[in-house]
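Heads up, the thing below is written out as structure tokens.
Hydrogens, waters and symmetry mates are skipped; everything else that's a heavy atom, side chains included, is used. Whatever order the structure lists ligands and atoms in, that order sets their numbers, starting from 1.
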Amino acid sequence: MGCSWFLLLWVLPQTWGSSDVLRRSVLFRYLQISSFTNSSWMRTDALILLGELQTHSWSNASDTVSCVKPWAQGTFSSQQWVHLQNIFRVFRSSFTRDIQEFAKMLSLEYPMELQLSGGCEVHPGNISEHFLHVAYQGEHILSFQGTAWEPAPQAPHWVDLVIKVLNQDKGTRETVQWLLNDICPQFVNGLLETGKSDLEKQVKPKAWLSSGPSPGPGHLLLVCHVSGFYPKPMWVMWVRGDQEQQGTQRGDILPNGDETWYLRATLDVAAGEAAGLACRVKHSSLGGQDFVLYWGLVLLVVTCLVFLFFFFF
Ligand SMILES: *[C@@H]1O[C@H](CO)[C@@H](O)[C@H](O)[C@H]1NC(C)=O
Ligand SMILES: *[C@@H]1O[C@H](CO)[C@@H](O)[C@H](O)[C@H]1NC(C)=O
Ligand SMILES: *[C@@H]1O[C@H](CO)[C@@H](O)[C@H](O)[C@H]1NC(C)=O
């Protein structure tokens with residue numbers, strides 16, 4: 001008892017002190033893809049995501065990172081923002097030049113695809129972790145760790161030479177460290193304030209049932225569709241009464257394009273056992289009022305329609 005009081009006293013200031021949004025961890029990612037067609041033709045495009053939401057985009061045609069959300073400058077001043085834009089602009093052109101030089105030096109073959117993923121994850125209690133990884137032709141080849149670049153475990157041998165060259169550049173290493181360690185969590189904390197209403201929004205799902213292609217003779221594929229919900233975490237299960245049907249197959253959660261999500265859950269059942277099954281949907285937007293859709297009712301409606309059809313025609 002004494003111990004749990006102690007814990008409570010310790011936990012309360014932590015949760016009250018931080019932003020309301022930060023009851024869970026938030027991932028902030030810069031994702032870049034650079035396609036080098038040949039020694040003179042290339043393009044680089046990037047986007048930035050805060051959790052599930054895209055906050056910024058940066059196309060090859062643009063000199064500056066553009067805000068996708070009106071709150072995407074966070075709490076940074078215009079001056080800080082311009083300073084960051086300059087760093088990113090210099091970074092993009094030196095990245096392009098460096099890759100072209102490495103390609104020449106190491107006789108790498110075109111076309112080349114490079115992907116870069118960097119950012120930070122900010123946890124409740126003002127703790128953050130950061131990362132910066134680079135992939136070449138879809139394979140992770142190197143990362144920034146602590147204060148220097150390191151090869152990925154399975155990286156080809158030529159990566160060691162790249163690492164050696166990169167690590168000689170102390171200035172860039174310090175800038176990367178500063179961006180990841182200091183700027184990233186500060187920027188995220190600002191975004192959590194300015195983007196609060198978007199980040200905390202709740203959009204209720206719509207759900208409907210259908211039957212999929214028959215999985216075999218005498219079997220039905222029951223499909224439960226859940227669409228238009230936000231945020232992403234979603235629980236959906238085929239049930240009979242309170243009993244969850246372990247055969248439920250969840251699809252991937254797919255984006256709808258309007259910042260909401262779509263998910264389907266299917267169940268393969270013997271045709272005679274479908275009646276009485278239901279699809280149960282739990283989501284944060286529903287405030288504890290689960291959706292329950294009964295298969296039997298669909299069956300009933302279909303049967304009635306068929307009956308009416310034969311009755312009248
Ligand atoms: C490089 O690729 C572009 C686009 O495919 C092409 O137009 C150009 O002629 C190529 N240049 C060389 C030097 O191969
Ligand atoms: C991408 O941008 C660079 C730098 O501005 C430019 O040289 C290059 O031609 C652009 N690539 C494409 C495919 O437009
Ligand atoms: C979180 O930590 C950073 C330094 O890492 C500090 O500048 C900032 O003031 C802290 N924020 C809060 C809410 O404690």
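Distance from atom 5 (O) of ligand 1 to its nearest protein heavy atom, with residue and atom name: T37 CG2, 4.0 Å. Of the protein's non-hydrogen atoms, the one nearest atom 2 (O) of ligand 1 is N38 ND2, 2.3 Å.
Per-atom contact check: atom 9 (O) of ligand 1 does not touch the protein, criterion being a heavy-atom distance below 4.0 Å.
In this structure, K201 forms a cation-pi arrangement with Y230, its terminal cationic atom sitting closer than 6.0 Å to the ring centre and no more than 45° off the ring axis.
A salt bridge does not link K232 to E259: none of the charged side-chain nitrogens sits closer than 4.0 Å to a carboxylate oxygen.
Proximity of a side-chain donor or acceptor of S62 to a complementary backbone N or O of S59 within less than 3.5 Å is not detected.
Close N/O approach between N60 and ligand 2 is found [any backbone or side-chain N/O within under 3.5 Å].
The closest approach between any non-hydrogen atom of R92 and ligand 2 is not below 4.0 Å.
Ring geometry, F91 versus Y30: the interplanar angle exceeds 60°, so the pair is classed perpendicular (tilted spans 30 to 60°).
Taking a cut-off of under 4.0 Å to the non-hydrogen atoms of S40, the atoms of ligand 1 that pass are 11 (N), 13 (C).
Looking at Q54, Q32, R29 one by one, the single match for side chain to side chain contact (heavy atoms under 4.5 Å, CB included) with L47 turns out to be Q54.
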